[in-house]
Structures are given as structure tokens and as C-alpha cells.
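Here is the structure we will look at.
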Amino acid sequence: PPWSGHLFSQPIISTMETQVSNGPTSNSGLPNGPPLSANGAADDSKTNLIVNYLPQNMTQEEFKSLFGSIGEIESCKLVRDKITGQSLGYGFVNYVDPNDADKAINTLNGLKLQMKTIKVSYARPSSASIRDANLYVSGLPKSMSQKEMEQLFSQYGRIITSRILVDQVTGVSRGVGFIRFDKRIEAEEAIKGLNGQKPLGASEPITVKFANNPSQKTGQALLSHLYQTTARRYTGPLHHQTQRFRLDNLLNMAYGVKRFSPITIDSMTSLAGVNLTGASSGGWCIFVYNLSPEADESVLWQLFGPFGAVTNVKVIRDFATNKCKGFGFVTMTNYEEAAMAIASLNGYRLGDRILQVSFKTSKQHKP
DNA sequence: TCCTATT
């Protein structure tokens with residue numbers, strides 16, 4: 001992976017962005033210490049980290065590998081879009097040993113990966129009160145610095161991150177920015193107090209509102225994607241019934257209304273009879289053959305995600321060219337969903353290629 | 001008039 005050789009590159013903080021630690025509310029006695037729970041009971045506040053600004057193409061395995069190099073991991077998760085499976089660019093790592101969490105912050109915070117500079121910090125305790133606390137601010141004076149913007153907003157609560165967008169060519173402020181508060185209620189108060197107000201010395205009032213929620217965008221993108229590509233493509237060598245199922249299921253997933261309830265398929269019995277080693281502790285491994293050289297993980301997420309729980313996808317690439325070698329693997333949790341995906345996608349035409357999809361078979365058992 | 005931080 002591109003990041004494996006960069007463990008000790010110098011941290012570079014992106015222009016006009018502040019990365020605020022969890023320090024201000026920490027009561028651990030250290031400037032960057034972990035937040036402690038109110039009851040002082042056993043919790044994961046000293047071991048659980050949030051990692052932000054991860055490269056888009058970083059996988060769960062690479063994520064775990066990077067942070068596992070520090071110490072034993074209790075659990076970790078790369079957060080992905082529920083529908084498309086795309087990485088949302090952040091994740092959580094919970095270490096067994098608090099010392100390793102501290103070490104991970106010291107070692108990996110500010111690490112440059114691809115075009116990104118990752119941020120590693122203690123995760124705040126998960127709570128509904130910290131969600132949707134991101135504000136979009138426009139109409140800012142072009143002269144206002146990120147620090148000045150923070151000063152303006154800090155009277156309403158603890159700021160987690162702030163950013164002013166700049167013209168990519170000139171570097172001058174575009175007069176719009178973001179403020180993420182610790183708590184949603186703080187963000188609400190900032191809207192009440194600052195929306196429509198003129199900052200000191202400014203000639204125009206600023207607009208302060210909640211920032212767009214990224215999940216909506218993804219849902220809309222999926223829906224348009226469905227009409228543009230899926231519906232058209234799904235007229236392949238399949239029965240009406242199967243096509244029907246797939247479109248219904250895709251739409252259900254897109255709208256989040258209901259999940260597929262497994263149905264019995266006669267032809268599944270033959271699938272069950274093949275020499276399966278697709279089953280493992282991690283689920284059912286599926287072999288996908290005849291992918292194009294340009295194929296990436298996202299195509300596998302999009303193909304298999306609608307059929308049920310997908311825990312992992314992998315495109316096998318040539319080491320030198322980084323092009324797909326024509327095949328990949330998908331791991332699905334539930335047998336029925338995996339079988340349905342195979343039955344539906346085997347023989348499916350993807351572009352000008354006919355996919356071959358089956359449970360992964362054991363190489364060792366071949367004659 | 002939108003950078004992506006809460007599993």
C-alpha cells in the first residue's frame with residue numbers, strides 16, 4: 001500500500017484548518033489526554049480512538065494493519081456508507097492497552113497518506129448529542145481568518161474543527177466555512193446567535209446553518225445511479241423474477257425501508273452441493289471472475305451490497321501495474337444472501353464482460 | 001452556498 005512506507009513523514013496540517021484535540025474537556029490532567037467518563041467507571045475512553053481524513057481508497061484491512069502495527073487491537077472499524085459501502089473517510093480503533101492508544105496518537109497523528117493528512121485522537125463517548133453538530137457558514141468577510149471565525153463561534157460552545165474554504169488558485173478566502181461543535185445544542189445556539197448577524201466591522205451579515213448531511217447525497221446519488229445504470233444493465237441473461245427481486249431490493253436498500261427477507265430458491269440446492277470452503281468464521285467468501293482491469297472495490301460493493309450484509313470486498317491487482325487481474329472476492333455474512341447474490345450475479349453482464357460468480361472453492365482439495 | 005468527526 002502507498003502508506004506503508006510513510007510512517008515517519010512529517011505531519012503537515014492543511015491550510016486554514018485547525019485540528020482541535022479533545023483536550024479542553026479532558027479531566028485527565030494532560031493537555032491531550034483522553035476524556036474521562038463522568039462516573040469514572042470502566043470505559044474505553046483511554047483506548048478508543050477516532051481516525052479522520054483517511055484516504056478514500058483505504059480498506060478495512062489496511063486500516064487495521066496500519067493501526068495494528070502499534071499494538072494489539074481490541075476492535076476497529078472503518079466507517080462506510082451503509083448503501084454503497086464506500087469509505088466515509090474515518091474510522092475507530094480500540095486498543096487493548098491505553099499505552100498503545102497514546103502511542104498511536106503520537107506516532108500516527110499527522111501521518112501523510114496519499115493526499116491526506118490523517119488525524120488520530122481520542123474518540124468522544126458516542127452519543128446522540130454530538131451528532132449533526134456541523135455548521136455551514138457563508139457570507140464571511142474575505143479578510144476573516146479561521147482563528148477569528150473560531151473566536152466568533154467559541155462563545156457558544158466547544159469547537160471540534162473549523163475550516164474556511166479558499167480559492168484553490170489564489171488561496172484567498174471564499175467567505176464560506178465550517179464549524180463543528182462538540183454538541184448539537186451548541187450549534188443550535190450559534191445559529192440563533194449568529195445567523196443574519198454582522199461580525200464586528202463587517203459590511204454584510206453572515207449566514208449560519210447546519211451543514212448538508214453527507215448521507216443524503218449518497219442516497220440521491222445511488223437513486224440516480226439506479227436509474228442510469230442498474231435498471232438498464234439488469235436486463236441481462238436473467239429471469240424476470242430475479243430481475244424483479246434485484247430492483248426491488250436495490251430500491252428498498254436505497255430508501256432504507258426494509259431489508260431482503262430470504263426466500264427459498266430451488267436452484268440453491270445445487271449451489272449448496274459444491275465443494276464449499278467459502279464458509280469461514282468471517283462469513284461466506286465469494287469468487288468473482290472476469291472483472292475489468294479498471295475494476296475497483298466500489299464496483300463489488302455496489303454489485304453485492306444490495307443482496308445483504310457484505311463484510312469485505314477485495315479486488316486482486318497486479319503489483320506492478322495496480323490494475324485488476326480480472327478477479328476479486330466478496331465476503332457476505334449470511335448464506336442465503338450470498339447464495340442469492342451468486343444466483344443473480346453469475347452470468348451478469350458488467351459492461352462488455354460476463355461475470356462468473358461462485359462460492360470460493362478450496363485450492364487444496366483440487367485433484 | 002458545502003470541507004466531510006461518532007461506530
Review point. Is a donor on one side and an acceptor on the other found under 3.5 Å between the side chain of A:Arg124 and the backbone of A:Asp182?
Key: yes
Exercise for review: Test for a donor-acceptor pair under 3.5 Å between the base of B:dT6 and the side chain of A:Arg124, counting only N and O atoms.
Suggested key: yes
Check your understanding: Can you check the A:Leu49 CG to B:dT7 P distance for me, whole Å?
Key -> 16 Å
Review point. To the nearest angstrom, how far is A:Leu54 atom CG from B:dT7 atom P?
Key: 16 Å
**Study point:** Base of B:dT7 paired with side chain of A:Asn48 (donor-acceptor, under 3.5 Å)
**Key:** yes
Practice item. Provide, to the nearest angstrom, the distance between the CG atom belonging to A:Leu78 and the C1' atom belonging to B:dT4. Key: 14 Å
Point to revise | Length of the line joining A:Leu88:CG and B:dT4:P, which is rounded to integer Å | key: 12 Å
**Study point:** Greater than 12 external heavy atoms within 6.0 Å of A:Tyr289's OH
**Key:** no
**Study point:** Among B:dC2, B:dT7, B:dT4, the nucleotide that comes nearest once only the side chain of A:Tyr53 is considered
**Key:** B:dT4
Exercise for review: Please work out if A:Tyr90 contacts a base, only the sugar-phosphate, or nothing of the nucleic acid, heavy-atom cut-off 4.0 Å.
Suggested key: sugar-phosphate
Exercise for review: Round to a whole Å and report the spacing from CD of A:Glu74 to C1' of B:dT7.
Suggested key: 12 Å
Review point. Please give, in whole Å, the distance from B:dC3 P to A:Arg163 CZ?
Key: 9 Å
Review point. Do A:Asn322 and A:Asp318 have side-chain N/O donor and acceptor atoms under 3.5 Å apart?
Key: no
Check your understanding: Which whole-number value in Å describes the distance from A:Leu135 CG to B:dT1 P?
Key -> 19 Å
Review point. Are A:Phe329 and A:Phe287 an aromatic pair by the rule of ring centers under 6.0 Å?
Key: yes
Practice item. From the options B:dT6, B:dC3, B:dT1, select the nucleotide whose nearest atom is closest to the side chain of A:Ala211. Key: B:dC3
Practice item. Using only side-chain N and O atoms of A:Arg174, determine if any of them is under 4.0 Å from OP1 or OP2 of B:dC2. Key: yes
Check your understanding: Roughly, in whole Å, what's the span from CD1 in A:Ile130 to P in B:dT4?
Key -> 19 Å
Check your understanding: So does A:Lys116 get a side-chain nitrogen or oxygen closer than 4.0 Å to the phosphate oxygens (OP1/OP2) of B:dT4?
Key -> yes
Review point. How is A:Ser126 classified with respect to the nucleic acid when contacts are heavy atoms under 4.0 Å: base, sugar-phosphate, or nothing?
Key: base
Review point. If you check every side-chain atom of A:Val79, which of B:dC3, B:dT6, B:dT7 has the closest atom?
Key: B:dT7
Exercise for review: Classify the ring geometry between A:Phe359 and A:Tyr335 as parallel (under 30°), tilted (30 to 60°) or perpendicular (over 60°).
Suggested key: parallel
